[in-house]
Novice: 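I have a structure I would like to understand better, so I am pasting it below and will then ask my questions one at a time.
The figures here come from the full heavy-atom set of this structure, side chains too, leaving out hydrogens, waters and symmetry mates.
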Amino acid sequence: MLADDLHGMPARMSDDGDQPTRQEAEQLLRSGLAKAMRETAAQYSVPLAWVYADQGRPVVPSNGSAFLLDCGEGPFLVTADHVLAGFLKDKADHADAKAILGETVIPLDERIIARDRAHDVATLRVTAVEVADLKRYGKVPLTGSQSKWPPAPPCVDRGVFFVGFPGGEGRKVEWKGGGRVDIEFEAYTALAVASSVSATGLSLLFEHEQSFDAGLRPRMPTRDNMGGCSGAPILTFVEQRRVFSWRLGGVVNEAVDGLVKAARADCINPDGTLNAHPDPLAYRRDRDLSAWEEGQSS
């Protein structure tokens, strides 16, 4: 979009562009960009669910979000590590469990490139056939407007947006018989502002705006349902040479009550491998938390 269309929004320039404030981003959206933003974000984020049979009927125990990323060395799949862990646990308990990415069945357990509990990010291989299937589903790899990888992180108090796939009211399961199940999702889109940016993560605050939401919901999805947004991409608003674009800011690993937490995009390498968390204690804290959660559920 050219700056002439942006109602006087000021141009700030750097090698990879600059971010508008939340107020400037809202101006953009209210000037007619909201629909384009929803459609753009929807091209990248993909619903990820899994299903297994219980007494001949399908069970969809959970879902998350994912996206294809191409940093210049070919596309691969990105999601939150706890989403992948949820599938692997159900797969261990139910041999017939199958992961469904959009409308494509994908053997996640056979495709892992890298996992990191501290960053809460997982990357997985995809085939050319699967990429083509996802394209027919309306999904394409995210590349971003940065001149080189990794992209700069979002700036504090600047606008970003995300689209994920809540569970609950945003998910419809239809049993077709003969082993076929259709799962339909309704995307949730929100404009947010980066409230804090650390060396490894982002905290984002957002308010529900019905006109910005892809599903045009009158209110924010419930706390439990927002968990389905884990694994979605955070997209950073960028203005460069009077053209509006976006780049990957991070990977959602928590979304609840107007707060989103995400791992920074620069934990991901172009080949899909992941950089270790710089704080070794982060892995110990993760193990302690996992042990506590297992104790609570037992």
Novice: Hey, could you give me the CG/OG distance between L205 and S203, rounded to the nearest 0.5 Å?
Specialist: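 Answer rounded to 0.5 Å: 7.5 Å.
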Novice: Using the side-chain hydrogen bond (donor to acceptor under 3.5 Å, both in side chains) criterion, which residues pair with N269? Sequence neighbours excluded.
Specialist: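 Per chain and number, N269 pairs via side-chain hydrogen bond (donor to acceptor under 3.5 Å, both in side chains) with T273, N275.
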Novice: Any chance you could lay out the side-chain contact (heavy atoms from CB on, under 4.5 Å) test for I112 and L88, step after step, and finish with the verdict?
Specialist: CA-CA 11 Å; I112 298 169; L88 294 176; 4.3 Å; yes
Novice: For residues V197 and V160: do they belong to one hydrophobic cluster (side chain heavy atoms under 4.5 Å, members Ile, Leu, Val, Met, Phe, Trp, Tyr)?
Specialist: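 Yes.
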Novice: Should we count NZ of K261 as having more than 12 external heavy atoms under 6.0 Å?
Specialist: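 No, the 6.0 Å shell around NZ holds no more than 12 heavy atoms from other groups.
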Novice: Has S45 got a side-chain atom pairing as donor or acceptor with V163's backbone, closer than 3.5 angstrom?
Specialist: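 Yes: the side chain of S45 pairs with the backbone of V163.
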Novice: How far does CD1 of I234 sit from CZ of F67, to the nearest 0.5 angstrom?
Specialist: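 Those atoms lie 9.5 Å apart.
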Novice: Looking only at heavy atoms, which two atoms of A255 and C229 are closest? And how far apart?
Specialist: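 Scanning both residues completely, I find the closest heavy atoms to be CB-CB, 4.2 Å.
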Novice: Apply side-chain contact (heavy atoms from CB on, under 4.5 Å) to Y44 and L235, showing your working.
Specialist: CA-CA 10 Å; Y44 304 127; L235 300 177; 4.0 Å; yes
Novice: As an exercise, state the distance from NE2 of H277 to CG of D120, rounded to the nearest 0.5 Å.
Specialist: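 CG of D120 is found 10.5 Å from NE2 of H277.
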Novice: Report all side-chain donor-acceptor pairs from residues 47-54 shorter than 3.5 Å, counting only partners two or more places apart or in another chain.
Specialist:
unit_1, atom_1, unit_2, atom_2, d
W50, NE1, D90, OD2, 2.8

Novice: Any side-chain heavy-atom pair from V251 and I268 closer than 4.5 angstrom?
Specialist: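 Contact flag for V251/I268 side chains = yes.
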Novice: Identify the two heavy atoms, one from P166 and one from F185, that lie closest to each other, and give their separation to 0.1 Å.
Specialist: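 Here P166 and F185 meet closest at O-CD2, 4.2 Å.
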Novice: Rounded at 0.5 Å granularity, tell me how far OG1 in T123 sits from CD1 in I113.
Specialist: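 Nearest 0.5 Å value for the OG1-CD1 distance: 4.5 Å.
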Novice: To the closest 0.5 Å, what do you measure between CG (N63) and CD1 (I100)?
Specialist: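 Rounded to the nearest 0.5 Å, the CG-CD1 separation comes out at 11.0 Å.
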Novice: Identify the heavy atoms of G228 and S65 that sit nearest to each other, and give their distance.
Specialist: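 Smallest interatomic distance, heavy atoms only, reads O-OG, 2.8 Å.
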Novice: Are V83 and L68 linked, directly or through other ILVMFWY residues, by side chains that come within less than 4.5 angstrom of each other?
Specialist: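 Yes, it is one cluster - the side chains of V83 and L68 are joined through contacts under 4.5 Å.
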Novice: Not counting sequence neighbours, list each pair that qualifies as a side chain to side chain donor-acceptor pair (under 3.5 Å) and has a residue in residues 106-115.
Specialist: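 Found D81-R115, R111-E130.
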Novice: Considering only heavy atoms from C-beta outward, does the side chain of T200 approach that of P278 to under 4.5 Å?
Specialist: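 Answer yes - side chains close enough.
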Novice: Restricting to pairs with a member in residues 136-157, which pass ring pair (Phe, Tyr, Trp, His ring centres under 6.0 Å), not counting sequence neighbours?
Specialist: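 Every pair satisfying ring pair (Phe, Tyr, Trp, His ring centres under 6.0 Å) with a residue in residues 136-157: there are none.
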Novice: With no hydrogens and no angle check, is any side-chain donor or acceptor of T143 less than 3.5 Å from a backbone partner on D70?
Specialist: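 No; judged by distance alone, with no hydrogens or angles, the pair does not exist.
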Novice: Please find the pair of heavy atoms, one from F206 and one from L259, that lie closest to each other, and give the distance.
Specialist: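 Nearest heavy atoms, F206 then L259: CE2-N, 3.7 Å.
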Novice: Identify the two heavy atoms, one from D271 and one from F76, that lie closest to each other, and give their separation to 0.1 Å.
Specialist: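 Closest pair (atom of D271, atom of F76, distance): C-CE2, 4.2 Å.
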Novice: So if you build clusters from Ile, Leu, Val, Met, Phe, Trp, Tyr with side-chain heavy-atom gaps below 4.5 Å, do F161 and V140 land together?
Specialist: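 F161 clusters together with V140.
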Novice: Any non-hydrogen side-chain atom of T236 less than 4.5 Å from a side-chain atom of P151?
Specialist: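 Side chain of T236 against side chain of P151, heavy atoms only: no contact under 4.5 Å found.
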Novice: Enumerate the residue pairs fulfilling salt bridge (Lys or Arg N to Asp or Glu O under 4.0 Å) with a member in residues 96-108, sequence neighbours excluded, ordered by first and then second residue.
Specialist: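 Salt bridge (Lys or Arg N to Asp or Glu O under 4.0 Å) check on residues 96-108 returns no pairs.
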Novice: Spell out, yes or no, whether V121 and V46 are grouped together once hydrophobic residues are joined by side-chain heavy atoms under 4.5 Å, including indirect joins.
Specialist: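 No.
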Novice: K139 side chain to A42 main-chain N or O, any donor-acceptor pair under 3.5 Å?
Specialist: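 Checked: pair present.
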Novice: Minimum heavy-atom separation for P233 and L142, please, with both atom names.
Specialist: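 Closest approach of P233 to L142, heavy atoms only: CB-CD2, 4.4 Å.
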Novice: Taking the side chain as everything from C-beta on, heavy atoms only, tell me whether V252 gets closer than 4.5 Å to L204.
Specialist: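 Side chain of V252 against side chain of L204, heavy atoms only: no contact under 4.5 Å found.
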Novice: Counting C-beta onward and ignoring hydrogens, is there a side-chain heavy-atom pair between F87 and S62 closer than 4.5 Å?
Specialist: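 No, every pair of side-chain atoms sits at 4.5 Å or beyond.
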Novice: Set out, in order, the CA-CA distance, both residues' side-chain angles and the distance that settles side-chain contact (heavy atoms from CB on, under 4.5 Å) for L77 and L108, then state yes or no.
Specialist: CA-CA 10 Å; L77 188 68; L108 297 182; 4.2 Å; yes
Novice: For S230, which residues count as a side-chain hydrogen bond (donor to acceptor under 3.5 Å, both in side chains) partner, sequence neighbours excluded?
Specialist: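 S230: side-chain hydrogen bond (donor to acceptor under 3.5 Å, both in side chains) contacts with H82.
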Novice: Quick one: pull up CG in L69 and OG1 in T79 and give me the separation to the nearest 0.5 Å.
Specialist: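 Result: 12.5 Å between the selected atoms.
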Novice: State yes or no: do V60 and I106 share one hydrophobic cluster built from I, L, V, M, F, W and Y residues joined by side-chain heavy-atom distances below 4.5 Å, directly or via other members?
Specialist: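 Shared cluster, no.
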